[in-house]
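Everything below concerns the one structure shown next.
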Amino acid sequence: MQVSTIQPPSPRRAHEAQDPRGPAAPAAWSAQRIEQLLALPLPELLWQAQQVHREHFDPTEVQLSSLLSIKTGGCPEDCGYCPQSAHYQAGVDADKLMDAERVLEHARAARDAGASRFCMGAAWREPKERDLDKLVPIIEGVKQLGLQTCMTLGMLQPRQAQRLAEAGLDYYNHNLDTSPQFYGSIISTRTYQDRLDTLQAVRGAGMRVCCGGIVGMGESRADRAALLAQLAALEPYPESVPINSLVRVAGTPLEHAPELDPFEFVRSVAAARICMPRAWVRLSAGRKDLGDGIQALCFLAGANSIFYGESLLVTGNAEVDADRRLFERLGLRASAVQAQA
Ligand code: SAM
Ligand code: DTB
Ligand code: SF4
């Protein structure tokens, strides 16, 4: 049986030719079109994803980001997947913002282990002004170590985004998490529009956007397609797209979410690559449970970034030694720090 290639709509290509970052043309990838991609036979989907990947990246290079929780637990939001929410008993104690010196120790260790980007996460609904006063020297210190900087601190007002940008923050991570339709069954304390507004504030301040979602929360394939359509329609689409596989943490409402076929995760990665050709597509939470074979398929599907290091925010990550061995076995190498845009 002949399976036809699903072509991106033509305005997108014309638009990309003019802008080296390759922003999405509005409605370039509808949810319907992405659902068709997700339903392709896996070899067809991977083939399309690989072609797009090779047009824009060296397929043997993977970017390494390390993650640190700089303010853990006690979060007032009720995200149903999150062990740091104060609404659930997941055994995570609330902590204060970490001292700059300790953050820099972690950053130095991440750099020495080979990471090129250092991502700092805080379990806040949004940062307060006094928090920003403390974050500015942290950003400056991490940058001085030669690392790219990323933070995820919850919602931002435009002037807060401006302040972080002025301090030199390279990326801001704020995920859409899932489709607009499924969102309300996971989170009630902030709206989808709140998230889009924060992303707009980040863009407006000139920072690069890191935005993705979670796969495996009980959503349908149509929801995964709708999430990817939302991401691809951001103008421009995110430079960095984390695809998280739900970590089912005891005590959270999603503790017993039905297990998703791991090939659905691979499909989501491939579709993300196809509809956001120049983005860094990152294997994020849940990577250690995917196993080497599925991870290898994800790299073939166009994933080219991972979270690297002992832990994520509060849950465990794949072992550093295991990652090094996997890279060796697959002939992959860590990419150098990208030049500042
Ligand atoms: N508090 C900030 C916020 O939510 O905006 C930043 C930190 S939050 C932990 C960052 C992202 O981690 C979430 O948006 C979600 O996509 C992901 N995440 C959190 N818990 C997860 C889990 N158990 N499994 C997979 N991804 C998770
Ligand atoms: C993202 O999309 N995934 C990271 C990062 N952005 C901040 C967080 C994953 C968290 C996994 C569960 C935990 O350890 O808390
Ligand atoms: Fe709070 Fe972020 Fe966890 Fe939601 S995902 S509960 S905002 S730390």
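- In this structure a side-chain-to-backbone donor-acceptor pair under 3.5 Å is missing from R224 to V215.
- The two residues L64 and G114 have their closest heavy-atom pair at CD1-O, 3.6 Å.
- In summary, of the residues considered (I186, I187, L227), a side-chain contact (heavy atoms from CB on, under 4.5 Å) with D177 occurs for I187 alone.
- Cluster membership check: V136 does not share its hydrophobic cluster with L169, using side-chain heavy-atom separations under 4.5 Å among Ile, Leu, Val, Met, Phe, Trp and Tyr.
- At distances below 3.5 Å, not a single donor-acceptor pair connects side-chain atoms of N317 with backbone N or O atoms of L312.
- Between Y171 and S240 the shortest heavy-atom distance is CE2-CB, 3.8 Å.
- Looking at L313 and Q84, their side chains come closer than 4.5 Å, going by heavy atoms from C-beta outward.
- By the salt bridge (Lys or Arg N to Asp or Glu O under 4.0 Å) test, R221 is found to be paired with E264, residues two or more places apart in sequence or in another chain being considered.
- Side-chain atoms of D58 come within 3.5 Å of backbone atoms of T60 as a donor-acceptor pair (strictly under, hydrogens ignored).
- In summary, of the residues considered (T152, V142, N173, L135), a side-chain contact (heavy atoms from CB on, under 4.5 Å) with M120 occurs for V142 alone.
- Heavy atoms from other residues, nucleotides or ligands lying under 6.0 Å from CD of Q32 number 12 at most.
- Looking at heavy atoms from C-beta onward, Q48 lies out of side-chain contact with R273 at the 4.5 angstrom threshold.
- Side-chain contact annotation: R195 with Y183, donor-acceptor N/O pair under 3.5 Å present.
- Side chain of Q200 to backbone of L196: no donor-acceptor contact under 3.5 angstrom is found.
- The main-chain N or O of T198 is never found under 3.5 Å from a side-chain atom of R203 such that the two would form a donor-acceptor pair.
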*Does the pair S85 and E77 meet the rule for a side chain to side chain donor-acceptor pair (under 3.5 Å), with working shown?*
CA-CA 6 Å; S85 167; E77 302 295 278; over 6 Å; no
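- In this structure, R248 pairs ionically with E259, as a charged nitrogen and a carboxylate oxygen lie closer than 4.0 Å.
- A pairwise comparison of heavy atoms in L156 and P127 identifies CD2-CG, 3.6 Å as the closest pair.
- Under the 4.5 Å side-chain criterion, counting only non-hydrogen atoms from C-beta, M98 is not in contact with K71.
- Using a cut-off of 4.0 Å between Lys/Arg side-chain N and Asp/Glu carboxylate O, R163 and D133 are scored as salt-bridged.
- The two residues I139 and A167 make their nearest non-hydrogen contact at CG2-O, 3.4 Å.
- A cation-pi arrangement is found for R282 relative to F307, the charged atom lying closer than 6.0 Å to the ring centre and inside a 45° cone about the ring normal.
- Taking each heavy atom of S30 and A229 in turn, the nearest pair found is C-CB, 4.0 Å.
- Between the S220 side chain and the D223 main chain, a donor and an acceptor come within less than 3.5 Å of each other.
- Counting only heavy atoms from C-beta outward, the side chains of C210 and Y172 never approach each other to under 4.5 Å.
- The minimum heavy-atom distance between V269 and C298, with the atom names listed, is CG1-O, 3.8 Å.
- Tracing side-chain contacts under 4.5 Å through hydrophobic residues (I, L, V, M, F, W, Y), one never reaches L67 starting from V249; they form parts of separate clusters.
- K134 contributes atom NZ, which lies 11.0 Å from atom NZ of K128 (distance to the nearest 0.5 angstrom).
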*Just do the salt bridge (Lys or Arg N to Asp or Glu O under 4.0 Å) check on D292 and R325 with the steps written out, would you?*
CA-CA 10 Å; D292 289 351; R325 275 198 305 278; over 6 Å; no
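- Using modelled atom types, no side-chain atom of D170 and backbone atom of C150 make a donor-acceptor pair closer than 3.5 Å.
- Under 3.5 Å, the side chains of Y308 and R324 contain a donor-acceptor pair of N or O atoms.
- Within the 4.5 Å cutoff, the side chain of V241 has heavy atoms near those of the I243 side chain.
- Two different hydrophobic clusters hold V103 and V314 under the rule that ILVMFWY side chains link at heavy-atom gaps under 4.5 Å.
- By the rule that hydrophobic residues join a cluster once side-chain heavy atoms approach within less than 4.5 Å of another member, I306 and V247 end up as members of separate clusters.
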*Give the C-alpha distance, both sets of side-chain angles, the deciding distance and a yes or no for salt bridge (Lys or Arg N to Asp or Glu O under 4.0 Å) between R190 and E126.*
CA-CA 11 Å; R190 68 170 66 146; E126 68 230 318; over 6 Å; no
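- Counting only heavy atoms from C-beta outward, the side chains of P262 and I294 approach each other to under 4.5 Å.
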*asked:* Please evaluate residues R117 and T149 with respect to the criterion side-chain contact (heavy atoms from CB on, under 4.5 Å), reporting the C-alpha separation (whole Å), side-chain torsions for both, the decisive distance (0.1 Å), and the verdict.
replied: CA-CA 6 Å; R117 190 182 310 163; T149 50; over 6 Å; no
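- Of the possible donor and acceptor atoms, none in the side chain of D112 sits under 3.5 Å from a partner among the backbone N and O of A109.
- The closest side-chain donor-acceptor pair between S335 and Q63, if any, does not fall under 3.5 angstrom.
- Placement of M155 and L97 in two distinct hydrophobic clusters is found when ILVMFWY residues are connected by side-chain heavy-atom separations under 4.5 Å, directly or transitively.
- Between F299 atom CZ and Q50 atom CD the span is 13.5 Å, to the nearest 0.5 Å.
- In this structure, P242 and N175 have side chains that are in contact, with non-hydrogen atoms separated by less than 4.5 Å.
- Contact annotation: the side chain of E219 never approaches that of S179 to less than 4.5 Å [non-hydrogen atoms, C-beta and beyond].
- Under 4.0 Å is where a charged nitrogen must lie from a carboxylate oxygen, and between E166 and R159 no such pair does.
- Separating the NZ atom in K143 from the CD1 atom in I138 is a distance of 14.5 Å, to the nearest 0.5 Å.
- Of the listed residues (T178, T252, I214), just one forms a side-chain contact (heavy atoms from CB on, under 4.5 Å) with Y81, and that residue is I214.
- Interatomic distance, D194 CG to H174 NE2, rounded to the nearest 0.5 Å: 7.5 Å.
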*Chi angles and distances behind the side-chain contact (heavy atoms from CB on, under 4.5 Å) call for R108, L104*: CA-CA 6 Å; R108 231 173 265 121; L104 294 182; 4.0 Å; yes
*Any chance you could lay out the side chain to side chain donor-acceptor pair (under 3.5 Å) test for S188 and D78, step after step, and finish with the verdict?*
CA-CA 7 Å; S188 78; D78 69 352; 2.5 Å; yes
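- No donor-acceptor distance shorter than 3.5 angstrom exists from the side chain of N244 to the backbone of L246, with no hydrogens or angles considered.
- When each of C211, P277, C275 is tested with Y237 by the rule side-chain contact (heavy atoms from CB on, under 4.5 Å), just one qualifies, namely P277.
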